[in-house]
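Both ligands and their constituent atoms are indexed starting at 1 by order of listing.
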Amino acid sequence: MSENYDVIIIGTGAGGGTLAHTLASSGKRILLLERGDFLTRELENWNPKPVFVTGRYISKDTWFDGDGKPFQPQIHYFVGGATKMYGAALYRLRPEDFGEIKHVDGISPAWPLSYDDFEPWYSAAEQLYQVHGEHGEDPTEGHWSKQYAWPPVSHEPRLQQISDDLAKGGWHPFHAPCGILLNEADRPRSTCIRCAWCDGYPCMVHAKSDAEVIAVRPVLGRDNVTLVCGAEVTRLETDSSGRTVTGVVVSRGGEREVYTGDIVVISAGAANSAKILLSSANDKHPHGLANGSDQVGRNYMFHNSKAIAAVCTEPNDTAYQKTLGLNDFYSATKDYEYPMGNIQMVGKSNAEAMRGEKPHLTMVAPQWTLTDVAKHAVDWWLTTEDLPVPENRVTLDKDGNIHLTYSNTNLEEADRLYGELKKILNHTGMAEHHVWRKNFYADMDIELAGCAHQAGTCRFGTDPATSVLDANCKAHELDNLYVVDTSFFPSIGAVNPGLTAMANAIRVGEHIANRIA
Ligand SMILES: Cc1cc2nc3c(=O)[nH]c(=O)nc-3n(C[C@H](O)[C@H](O)[C@H](O)COP(=O)(O)OP(=O)(O)OC[C@H]3O[C@@H](n4cnc5c(N)ncnc54)[C@H](O)[C@@H]3O)c2cc1C
């Protein structure tokens, strides 16, 4: 490839896509390299069977766990990355997440920047991704400089009833921040219809605020932005000093291509960004590019998450179920000295999704039973922070395959959070003692393959001995290499990571724009 670009961005998800959007107006030549393609808009987008049972949108990758056992990661290689499938619950981390927090299993470390440093970027990301919400409702949130530009998405009747019951019981429910496109006047053909096919599904009408729709597509008409799909970056080459990336090696259609750029930004997702760096070992970087600290690939986090279907006598006709959140247990309480985490809703369950998620349990269940169960289910999503443990890490075998070694932390906190949810369910008429007669709960822990919330692996920090990136997300050991995806997280908090990745990409984008101006 003869053309030299000002900036090459690897990956087009929450990090890479948002960065491209931020840099596009600089007029500099931007190249986006994406291993996937555009996700096809087709009827299957909204069909739970291909989405949850046959895995139509999941990559064919094989990764290996710490014992060498193969598994298929639930990872999505498309323009827009994981945001094509995400639930678009776009939360800010809480201010305390930027400081050191004591957990039952250890310390969640401080970030090199504070919530105040991040606040303007959160605000910018909320505007860009058209987040609907109401700052001020959730007592745990930090200060905000701008109210959401779009009002909160109203609850459907069943959720309104639950929200009212929670408030009466002394809890503090709030309207969850939702990234959906509801402005009919602006988007006559692709306005969100608030359907059930959002969380975990691609949006067929492009009405979800994902990175393709919001960040990548709008800049593709510019002369200075080029997108190359089907381009898997396999390795970065450096000059003889090891300080400068001089070539981005790509496998495309079975051919090897090399692209050059003044600045190179990796945003391939936490596991794949580590893979690219580890695969790029050379004489000056014998343990992987930018890995003098031995931190590349380490501190992998993905949240202690649990999905709960509380099946009750009353039907739940809600379609778009992501509107409610509860952070009463986000920090230590008077009854428990450690944080427990966030409670929110997950996409509405259905029979096929239940089969996909619990194939053994549902094998003998007739379709009508599962349909009836799903019709009566209220579906919750619990998130507890997991800690950055150095041994939880991405490594590569001699063939370059990803090995993901991981052990949970803070399981006690996660169990306690579930205990608190059960109290809530009792209070809101979904009591467990009615099991088999009326109400019951089905809970599901998210396994290693469920790497939706992957983060860590290239954390940022001020000390090159203990971090991979500096505060601008530039590699300590290289002059022109940045990492701008969830890899940079030194800790993950207990809310969904997407908005923080987007806010950080805007922040780093402004820094890079100033640098190359
Ligand atoms: C089902 C699901 C639900 C979720 N729900 C939420 C939610 O409600 N709220 C929230 O905040 N977060 C949610 N998430 C998580 C959120 O989507 C991710 O945190 C976010 O997308 C991570 O951004 P990223 O830039 O790190 O990676 P990604 O968005 O995954 O982007 C990585 C990109 O790099 C590309 N790539 C990978 N390897 C290479 C390579 N070698 N060469 C070239 N390109 C490469 C990939 O194809 C992809 O486009 C969800 C995720 C999933 C899967």
Whether Phe488 and Phe460 hold their rings parallel, tilted or perpendicular, with breakpoints at 30° and 60°: perpendicular
Numbering as shown, the atoms of ligand 1 that approach Leu33 to under 4.0 Å (heavy-atom distance): 43 (C), 44 (N)
Under 3.5 Å: N/O of Ile10 near N/O of ligand 1: no
Proximity of Pro497 to ligand 1 by residue part, where a heavy atom lies under 4.0 Å: both
Minimum-distance protein heavy atom relative to atom 30 (O) of ligand 1: Ala82 N, 3.2 Å
Taking atom 52 (C) of ligand 1 as the reference point, the nearest protein heavy atom with its distance: Ala452 CB, 3.4 Å
Phe78 heavy atom under 4.0 Å from ligand 1: yes
Glu447 atom CD, neighbour heavy-atom count above 12 within 6.0 Å: no
Thr486, any N or O under 3.5 Å of ligand 1 N or O: yes
Distance-only N or O hit between ligand 1 and Ala14, under 3.5 Å: yes
Step-by-step salt bridge (Lys or Arg N to Asp or Glu O under 4.0 Å) determination, Glu44 to Lys49: CA-CA 8 Å; Glu44 284 86 347; Lys49 193 163 181 186; over 6 Å; no
Taking atom 24 (P) of ligand 1 as the reference point, the nearest protein heavy atom with its distance: Asp485 CB, 3.7 Å
Which of the ligand 1 atoms, numbered from 1, are nearer than 4.0 Å to a heavy atom of Ser267: 32 (C), 33 (C), 34 (O)
Per-residue contact class, Ala270 against ligand 1 - non-hydrogen pairs under 4.0 Å: neither
Atom 7 (C) of ligand 1 [closest protein heavy-atom partner, distance rounded to 0.1 Å]: Asn496 ND2, 3.4 Å
Which of the ligand 1 atoms, numbered from 1, are nearer than 4.0 Å to a heavy atom of Thr12: 33 (C), 49 (O)
Polar contact flag for Met85 and ligand 1 (N/O pairs, less than 3.5 Å): no
Ring centroid separation His175 to His132 under 6.0 Å: no
N or O pair under 3.5 Å between Ala501 and ligand 1: no
Numbered atoms of ligand 1 (with element) below 4.0 Å of Thr83, judged on heavy atoms: 17 (O), 21 (O)
Subset of ligand 1 atoms that lie under 4.0 Å from at least one heavy atom of Gly15: 25 (O)
Leu90 N/O under 3.5 Å from ligand 1 N/O: no
Backbone N/O of Asp61 and side chain of Ser59: donor-acceptor pair under 3.5 Å: yes
Residue part near ligand 1, for Ala231, under 4.0 Å between non-hydrogen atoms: backbone
Where ligand 1 meets Glu232 - atom numbers and elements under 4.0 angstrom, heavy-atom basis: 41 (N), 42 (N)
Polar proximity ligand 1 side, Gly87 side, N/O cut 3.5 Å exclusive: yes
Flag for Gln344-Asn496: side-chain donor and acceptor within less than 3.5 Å: yes
Aromatic ring proximity, centroids under 6.0 angstrom, Trp144 and Tyr122: no
Between Thr500 and Tyr91, a side-chain donor and acceptor under 3.5 Å: no
Short side-chain donor-acceptor distance under 3.5 Å, His303 and Glu385: no
Aromatic plane relationship, Tyr259 with Tyr5 - under 30° parallel, 30 to 60° tilted, over 60° perpendicular: tilted
Asn316-Glu156 side chain donor-acceptor pair, cut-off 3.5 Å: no
N or O pair under 3.5 Å between Glu34 and ligand 1: yes
Nearest option to atom 4 (C) of ligand 1, as decided by whichever heavy atom of Tyr57, Tyr86, Phe489, Tyr77 sits closest: Tyr86
Centroid-centroid distance, Phe38 to Phe78, less than 6.0 Å: no
Ligand 1 versus Asn272: contacting region, heavy-atom distance under 4.0 Å: side chain
Heavy atom of the protein closest to atom 11 (O) of ligand 1 (residue, atom name, distance): Gly498 N, 2.7 Å
Atom 36 (N) of ligand 1: nearest protein contact (heavy atom, Å): Arg35 CD, 3.7 Å
Protein contact of atom 9 (N) of ligand 1 - nearest heavy atom, named by residue and atom, plus distance: Ala89 O, 2.9 Å
Steps toward salt bridge (Lys or Arg N to Asp or Glu O under 4.0 Å) verdict (Glu126, Lys146): CA-CA 9 Å; Glu126 285 166 353; Lys146 281 192 194 134; over 6 Å; no
Lys275 contact mode with ligand 1 (heavy-atom cut-off under 4.0 Å): neither
Gln74 heavy atom under 4.0 Å from ligand 1: no
Atom 42 (N) of ligand 1 - nearest protein heavy atom and its distance: Val233 N, 2.9 Å
Contact partition for Ile276 relative to ligand 1, non-hydrogen atoms under 4.0 Å: side chain
Asp379 side chain vs Ser349 backbone, donor-acceptor pair below 3.5 Å: yes
Pi-cation contact, Tyr300 with Arg393 (under 6.0 Å, within 45°): no
Whether Tyr201 and Trp197 hold their rings parallel, tilted or perpendicular, with breakpoints at 30° and 60°: perpendicular
Parallel, tilted or perpendicular: rings of Phe64 and His403 (30°, 60°): parallel
Lys208 (side chain) donor-acceptor with Tyr86 (main chain) under 3.5 angstrom: yes
